[in-house]
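Reading through the structure tokens given below for one structure.
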Amino acid sequence: MPDKRERGAGAEAEIHRRIAGEIEQLRGHSQLRTLEIPAGIDLSSNDYLGLAYDPRVREAARESLAHAGRVGATGSRLLSGNAREWEDLEADFAAFAGTEAALYFGSGYAANLGVLTSLLRPGDVVFSDARNHASLIDGMRLSGATKVICPHRDLDFLRNALHEHSGATGAKLIATESVFSMEGDVAPLEGMLRLAKQHGAALVVDEAHATGVGGPSGRGLAAEAGIEREVLAIVHTCGKALACAGAFVSGRQALKEFLINRARTFIFSTAMPPYFAGQIRAALELARAADRERTYLRDIARELRDELHAAGIECGSSSTHIVPVILGGNDAALHVANSLQRAGFAARAIRPPTVPPGTARIRISLTCRITREQMRRLAEELRGACALVRQGAETANA
Ligand SMILES: Cc1ncc(COP(=O)(O)O)c(C=O)c1O
């Protein structure tokens, strides 16, 4: 019989075999992802308003750091990490979001995980759009609630599913993104809220890709629909259009108090340094006033979609600044991504499991920094690369 040390060595070898085996398997399916430094015209970042390069945001960060009492947060918010800067910014963010209160988390992932794991428990039922982001999915999984996956944006399915679970004794919650990150389409928020009310369910909305971009003054799609005070929790992230990091959970004061006491990703994590609040504040003010940039984004996205439709290129139900070019197979997506990269565009292929099998794509996320001339070249490159992929598929099938 192997002794304890030999058994330990065997277990370690198994882990090494697993690592090597999975890497090989991913490589074999053209699914092995690698880290690359982006180069070229930006088509894959979430810097929608171009604020990551804005000298005013840079200056605000410099000023804030220069005047900071301390550089590090030194602890979680419940211990030594709280600061006037964060409390003031949370109050201002709540006013922006149109809610009673807001609580800042170190990332959108942590915010979604914190919200869902603290609100839900076993015996509850959570209704989740099939295209929801991994952070929402992981939060639901960890909570132990029963998960009902609803086909993308399907209100009839949601209505029936809520009806089917009308006898459930636990709480019911609907979770959705407002602008879907891989599809660029939008959730039917008003319909979802109506159903939620009819069935005694709560609604949680992740505005990650709408914050700063969608709705009046970039306040998001819940605000656009005028329902921001009726949604239980709205997650506005700061790492995308606001060119910072972190996320605010906006809602009632009671929700904030509850999260401070129950959200483990808030409680057991070091706060962000107080000076960082200065960068977010500056970005928020600029985003609020960025109507011209929002109009430009909307226009170039619509023009691109029109050109792609005319060339018979699939871009799903996108209606926002995120335009997926859906190619199907991983190899086709890699081919088009490589062609775009050779033409000077920083495009990446998005493959399963990030998107459903058979829907590998180039996710084009437009930013205000792209010029009309670059947009013209992009459409031309896409037409050429997609035509080659199509020809290749036809030859293979002949
Ligand atoms: C819809 C959505 N929610 C949440 C997140 C997570 O936000 P963060 O990057 O700040 O962790 C992302 C990030 O990609 C996202 O796309």
Side-chain angles (χ1 to χ4, degrees), residues 40-48 129-133 151-154 176-188 208-210 213-214 221 240-241 294-394:
I41 299 160
D42 179 10
L43 291 184
S44 54
S45 87
N46 301 314
D47 182 28
Y48 305 128
D129 187 283
R131 301 289 160 83
N132 271 345
H133 187 259
H152 187 45
R153 304 196 307 160
D154 189 337
T176 187
E177 295 179 35
S178 61
V179 171
F180 287 89
S181 57
M182 289 296 145
E183 315 298 325
D185 54 8
V186 301
H209 297 276
V213 185
L221 300 195
K240 301 178 195 302
R294 281 185 280 273
T295 304
Y296 179 66
L297 261 188
R298 226 181 351 256
D299 288 350
I300 57 173
R302 195 193 49 243
E303 286 159 19
L304 178 64
R305 278 193 304 270
D306 288 349
E307 296 216 35
L308 296 181
H309 283 142
I313 298 170
E314 173 66 47
C315 48
S317 45
S318 159
S319 58
T320 67
H321 53 289
I322 299 170
V323 182
V325 176
I326 303 169
L327 294 148
N330 292 343
D331 291 337
L334 284 172
H335 170 84
V336 175
N338 289 338
S339 303
L340 289 174
Q341 284 161 17
R342 277 196 301 276
F345 292 98
R348 301 291 300 266
I350 310 280
R351 289 160 279 172
T354 309
V355 290
T359 69
R361 63 192 64 187
I362 312 294
R363 171 185 180 268
I364 296 182
S365 53
L366 295 170
T367 81
C368 288
R369 297 178 73 238
I370 193 161
T371 64
R372 277 218 145 77
E373 167 55 19
Q374 289 167 338
M375 288 301 296
R376 192 195 57 72
R377 274 185 43 224
L378 170 64
E380 195 176 299
E381 289 298 335
L382 276 171
R383 272 195 300 268
C386 291
L388 276 181
V389 164
R390 226 177 279 148
Q391 270 167 24
E394 280 163 14

In the structure I gave you, are the side-chain heavy atoms of [X] and [Y] within less than 4.5 Å of one another anywhere?
{"X": "D129", "Y": "E177", "result": "no"}
{"X": "R390", "Y": "I313", "result": "yes"}
{"X": "E314", "Y": "R361", "result": "no"}
{"X": "L382", "Y": "E307", "result": "no"}
{"X": "L378", "Y": "I364", "result": "yes"}

Closest heavy-atom contact between [X] and [Y]?
{"X": "A332", "Y": "V389", "result": "CB-CG1, 3.6 Å"}
{"X": "S181", "Y": "I322", "result": "O-CG2, 3.6 Å"}
{"X": "F180", "Y": "R131", "result": "CD2-O, 3.8 Å"}
{"X": "A301", "Y": "L366", "result": "CA-CD1, 3.5 Å"}
{"X": "Q341", "Y": "A347", "result": "NE2-O, 2.6 Å"}
{"X": "P352", "Y": "A360", "result": "CD-CB, 4.4 Å"}

Counting N and O atoms only, with roles assigned by atom type, does the side chain of [X] sit under 3.5 Å from a partner on the main chain of [Y], one being a donor and the other an acceptor?
{"X": "E183", "Y": "P324", "answer": "no"}
{"X": "R377", "Y": "F345", "answer": "no"}
{"X": "S45", "Y": "D42", "answer": "no"}
{"X": "H321", "Y": "H209", "answer": "yes"}
{"X": "R351", "Y": "A333", "answer": "no"}
{"X": "R305", "Y": "T320", "answer": "yes"}

Next item on the list: Check the pair L297 / C368 against side chain to side chain contact (heavy atoms under 4.5 Å, CB included), numbers first and verdict last.
Entry: CA-CA 6 Å; L297 261 188; C368 288; 3.9 Å; yes

Margin query: Any salt bridge linking D185 with R153? Criterion: basic side-chain nitrogen under 4.0 Å from a carboxylate oxygen.
Written below: yes

Next item on the list: Please assess I41 against T371 for the test side chain to side chain contact (heavy atoms under 4.5 Å, CB included), listing each intermediate value before the final yes or no.
Entry: CA-CA 10 Å; I41 299 160; T371 64; over 6 Å; no

Just how far is it from atom [atom1] of [X] to atom [atom2] of [Y], taken to the nearest 0.5 Å?
{"X": "N132", "Y": "M182", "atom1": "CG", "atom2": "CE", "result": "12.5 Å"}
{"X": "T176", "Y": "H133", "atom1": "OG1", "atom2": "NE2", "result": "13.0 Å"}
{"X": "H335", "Y": "L340", "atom1": "NE2", "atom2": "CG", "result": "9.5 Å"}

Next item on the list: With E303 as reference, evaluate R372, R298, R376 under the salt bridge (Lys or Arg N to Asp or Glu O under 4.0 Å) test and give the passing residue.
Entry: R372

